[in-house]
Amino acid sequence: MSTAEAVSRPQSDQCWPPAAAVPLSSADYPVWRPTVDLPPGTGVEYKYIKKNPDGSVTWESGGNRAFTTPSGGTDTRNDTWK
């Protein structure tokens with residue numbers, strides 16, 4: 001079975017390591033959710049990946065997704081696989 005994960009990086013970093021991806025929970029399938037704590041006002045770029053049983057990684061297509069964390073509270077992203 002494949003797993004869905006999100007790969008992110010601070011906007012100042014050029015590294016996108018799939019090994020450090022944040023797992024997405026399928027508890028509310030078909031909605032997948034991660035839980036990530038980030039400091040307020042942080043610029044983040046991210047992409048979704050699928051980790052396949054054979055160890056290969058499938059990256060979503062298209063450009064990077066990006067947002068800046070809010071000054072307080074939580075933030076919800078409503079994305080669809082590209």
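- Considering every non-hydrogen atom in both P40 and S71, the closest pair reads CB-O, 3.6 Å.
- No side-chain heavy atom of F67 sits less than 4.5 Å from a side-chain heavy atom of E45.
- Without hydrogens or angle criteria, K51 side chain to A21 main chain gives no donor-acceptor distance under 3.5 Å.
- One finds the CG atom of L38 at 12.0 Å from the OG1 atom of T74 (value rounded to the nearest 0.5 Å).
- K50 forms no cation-pi arrangement with W59, by the criterion of a distance under 6.0 Å to the ring centre and an angle within 45° of the ring axis.
- Between the side chains of T58 and N52, at least one donor N or O lies within less than 3.5 Å of an accepting N or O.
- For the salt bridge (Lys or Arg N to Asp or Glu O under 4.0 Å) condition, the pairs that include at least one residue of residues 18-35, sequence neighbours left out, are D28-R33.
- Enclosure of atom CG in D54 by more than 12 non-hydrogen atoms of other residues, nucleotides or ligands within 6.0 angstrom is indicated.
- Checked by atom type and distance alone, the side chain of K47 pairs as donor or acceptor with a backbone atom of G62 at under 3.5 Å.
- Note on L24: it does not cluster hydrophobically with V31, by side-chain heavy-atom contacts below 4.5 Å among ILVMFWY residues.
- Legend: residues meeting side chain to side chain contact (heavy atoms under 4.5 Å, CB included) with D79, ordered by chain and number and at least two apart, are Y46, Y48, R65, R77.
- No donor-acceptor pair closer than 3.5 Å links the side chain of T68 to the backbone N or O of G41.
- For the side chain to side chain donor-acceptor pair (under 3.5 Å) test, no residue two or more places apart in sequence or in another chain qualifies with S26.
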Discussion item. The test is side chain to side chain contact (heavy atoms under 4.5 Å, CB included); show your working for D75 and T69 and say whether it passes.
Written reply: CA-CA 7 Å; D75 189 43; T69 58; over 6 Å; no
